[in-house]
Enquirer: 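Following this message is one structure expressed as structure tokens.
Just so we're on the same page: letters track the sequence lines, and every chain starts at 1.
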Amino acid sequence: MSSPYFTPSRVFSSAIALRVIFLLYGLLQDAYSPFKYTDIDYMVFTDAARYVSQGLSPYERETYRYTPLLAWILIPTSWPGTFWFSFGKVLFAISDVVAGWFILIILQSPAGGAMTTKRALKYACIWLLNPMVATISTRGSSEGLLAVLVVALLWAVTRRRIVLAGMLLGLSVHLKIYPFIYGASIVWSLESPPDCTPVQKRPTPRTESTERPVSITIILEFFNQSRTILIISSLITFISLNLLMYAIYSTPFLQHTFLYHLTRIDHRHNFSPYNTLLHLSSAAPDKVSSLKLESLAFIPQLAISAVLIPIALSKKDLAGTMLAQTFAFVAFNKVCTSQTRVQLEKRHEGAYE
Amino acid sequence: MDYDAGSQEYIITSFHHESPDLEGWNEEIKCRRNSEKTEVGLFTYQQALEPQELSFEGYLTVIGEDKKPRPTRFSFPSRHHPVPPASGSGFLTTFPKPTGLHPTLRLTFPHGVSPPGHGCALHTYLTLPSSVFVDEYQLSSPNFLAANNLRGVRALSGETDLEAPAWVTGKWGSTMLLELAHHARRQARLETTESQWHVDIPLHLRYLPPAAGGATSVDLPWPIVFWVCPAEEGSDLSGSPFDRINLGYEVLFGPSTIFYHFQPQPKEPRRSLVEQLQVPVMDLPASRWVETGTVGVIILGALWVMWKSLRVSLNDWQSSKKTIPPRKVL
């Protein structure tokens with residue numbers, strides 16, 4: 001299709017128009033129908049933001065299980081007026097469009113496939129003009145925010161902006177814990193460019209054995225400059241954000257944002273393969289063996305998504321690896337709700353390389 | 001049983017809804033000691049002169065003193081009344097099938113109702129066991145409330161956790177006071193079955209413990225429906241000998257409130273106003289293989305993914321090995 005109408009500006013205008021239409025329709029449906037367009041999570045976020053605007057902790061709102069950063073960002077939703085209440089939805093919709101723009105840039109860059117603008121635009125359309133994606137953001141789900149962070153992370157890695165990538169990684173993990181698996185694949189993929197020196201002049205590891213063992217050399221060679229910078233940058237961002245939040249909100253922050261995910265037993269609306277086992281072991285603990293097998297669920301999950309797949313695939317195709325990781329993480333997870341399945345869509349986009 | 005510390009009286013009250021024999025009451029009441037006063041009265045309900053009063057007429061005898069029963073009549077302002085016929089009659093409670101895990105409690109009123117006085121509001125009070133819960137966020141949307149003939153939740157207390165299964169909840173249950181949006185009475189000649197109207201209250205069931213057969217039953221008592229009206233100025237409602245307090249809902253209103261109760265009208269006469277719901281649960285005998293099955297599937301799936309990844313890595317390693325020998329030849 002080489003239509004003169006298929007330009008980036010038209011695609012992006014359509015994407016923005018689509019989201020505006022959904023936003024306005026959502027306001028109509030909320031006002032006149034007993035079935036709400038707005039996601040129940042959005043009501044949780046805005047309630048928490050209102051508590052923060054009054055100087056209280058966002059954890060006053062029961063079922064708020066996120067970082068206080070999200071409530072801070074959504075403080076404008078507590079200002080009077082319908083537009084300000086929809087500010088969060090507007091922000092998430094804008095994040096969607098920006099994520100689409102990043103997709104376009106990555107696909108056009110040499111490291112991301114070096115596609116022509118038209119071809120990259122077609123792939124970006126799958127995200128930008130996708131009504132399901134637009135609905136998720138305009139309903140008030142915060143997935144759009146995380147999507148733009150992860151795609152920006154991928155862009156920063158392809159441009160070798162390692163410090164920025166580390167900061168984005170640290171921020172993403174602080175927001176939702178699971179992006180740490182992308183850290184594993186990014187670190188593994190950041191190998192040093194191969195030496196161009198001829199074979200004879202390059203010292204083999206064996207000749208250096210007089211100075212230090214082979215294993216130490218391999219480890220030191222692994223931690224090249226890029227990887228070290230990434231690890232340090234992401235750790236500093238993650239730890240300083242956590243320390244800041246802990247200093248302000250102390251134990252409830254740790255409890256609701258992190259520890260809750262270790263002990264949650266809500267098996268309603270759970271589509272994961274573990275759901276019946278979780279129900280059974282909670283309802284009839286004497287009927288299952290005392291091995292507590294479901295608490296070992298993280299072993300295959302992390303072994304595959306954070307170790308095996310990055311090592312096998314990330315040097316060949318980083319974005320595809322991230323998709324495979326997300327898929328494996330979700331498939332082997334203890335809990336899989338409808339929102340979890342949407343996260344897979346986001347990774348799918350970046351993998352078209 | 002009650003104890004009045006002010007007058008140092010021990011009060012035992014018993015209620016019977018029908019006589020133990022088929023032919024009425026036959027009792028012999030004796031005066032036990034001379035120092036005790038035993039008074040027997042036989043009364044029947046009489047239409048009161050004042051609308052907010054109850055009136056009784058009958059005979060009163062003090063055993064040992066009176067030779068004949070004395071005709072007596074007395075009336076007193078009362079907090080609780082049956083609903084006047086002009087303002088309503090009865091109601092029916094049903095759970096439209098299928099109920100599943102989200103039963104709807106439906107109150108059916110055969111005719112339109114109208115307030116017995118100025119400033120009255122129609123309410124219902126639900127007492128729910130802990131296996132059932134109400135989602136107050138669901139009942140806070142004006143459109144949803146209007147569609148179900150509700151005005152709003154006026155009070156909700158007890159076990160209101162929205163996610164917990166029944167084996168984790170600690171409290172006995174919850175209570176809820178709801179204001180209803182009543183439909184006005186139409187003209188008398190239009191009072192056919194078409195003037196019947198409904199109130200729908202959405203309830204939710206918690207996950208219940210597994211049982212053989214895949215189903216278990218839950219008992220839900222009928223709610224009560226009543227008009228709440230402000231009492232006339234200056235009336236002392238605590239003077240009634242039949243006054244009942246600490247019912248749970250009357251503290252949610254002020255002390256000067258009159259309640260006009262609707263009569264529950266089940267379709268066929270029955271001993272108790274309790275509805276039984278069938279609830280799907282996990283079938284315990286059929287779940288023998290859940291644990292081994294889940295673990296087996298996960299292990300097989302993980303092994304398959306690992307094998308595929310290792311094959312990819314092996315192919316890469318072999319193809320990288322193949323490129324090296326040509327360079328060594330140089």
Enquirer: Let's test your reading of the structure: which of A:Gln301, A:Met43, A:Lys36, A:Lys316 forms the most heavy-atom pairs below 4.5 Å with chain B?
Expert: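 Highest number of heavy-atom pairs under 4.5 Å: A:Lys316.
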Enquirer: With under 30° as parallel and over 60° as perpendicular, where do the rings of B:Tyr207 and A:His279 fit, or are they tilted in between?
Expert: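 Answer is tilted, since the angle falls between 30° and 60°.
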Enquirer: Please report the closest heavy-atom contact between B:Trp167 and A:Ser282, naming both atoms and the distance.
Expert: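 That closest heavy-atom pairing would be NE1-OG, 2.8 Å.
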Enquirer: For B:Met306, does the CE atom have more than 12 heavy-atom neighbours from other residues, nucleotides or ligands under 6.0 Å away?
Expert: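 Check passes, neighbour count above 12.
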Enquirer: Less than 4.5 Å apart, side chain to side chain, heavy atoms only: is that true for A:Pro273 and B:Ile298?
Expert: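 Of all side-chain heavy-atom pairs linking B:Ile298 with A:Pro273, at least one is under 4.5 Å.
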Enquirer: B:Leu303 versus chain A, heavy atoms under 4.5 Å apart: side chain, backbone, both or neither?
Expert: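 Answer is neither: B:Leu303 stays 4.5 Å or more from chain A.
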Enquirer: What residue, out of B:Asp316, B:Asn148, B:Leu314, B:Val297, has the most heavy-atom pairs lying under 4.5 Å from chain A?
Expert: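 Answer, by heavy-atom pair count under 4.5 Å with chain A: B:Asp316.
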Enquirer: Within this structure, what is the CG-CH2 distance for the pair A:Leu308 and B:Trp307, rounded to the nearest 0.5 Å?
Expert: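 Reported to 0.5 Å precision, the distance equals 13.5 Å.
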Enquirer: Counting only heavy atoms closer than 4.5 Å, note whether A:Ala331 contacts chain B via side chain, backbone, both or neither.
Expert: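 Neither part, no heavy atoms under 4.5 Å.
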Enquirer: With chain A, which of B:Ala164, B:Ala147, B:Pro210 has the greatest number of heavy-atom pairs at distances under 4.5 Å?
Expert: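 Winner by heavy-atom pair count: B:Pro210.
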Enquirer: Give, as side chain, backbone, both or neither, the part of B:Ser309 having an atom under 4.5 angstrom from any heavy atom of chain A.
Expert: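 Backbone plus side chain of B:Ser309, per the 4.5 Å heavy-atom cut-off to chain A.
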Enquirer: State, with a plain yes or no, whether a side-chain heavy atom of A:Leu280 is found less than 4.5 Å away from one of B:Glu291.
Expert: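 Sidechains of B:Glu291 and A:Leu280: no contact.
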Enquirer: Which distance, rounded to the nearest 0.5 Å, do you find between the OG of B:Ser313 and the CG of A:Leu313?
Expert: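 Atom-to-atom, B:Ser313:OG and A:Leu313:CG are 7.0 Å apart.
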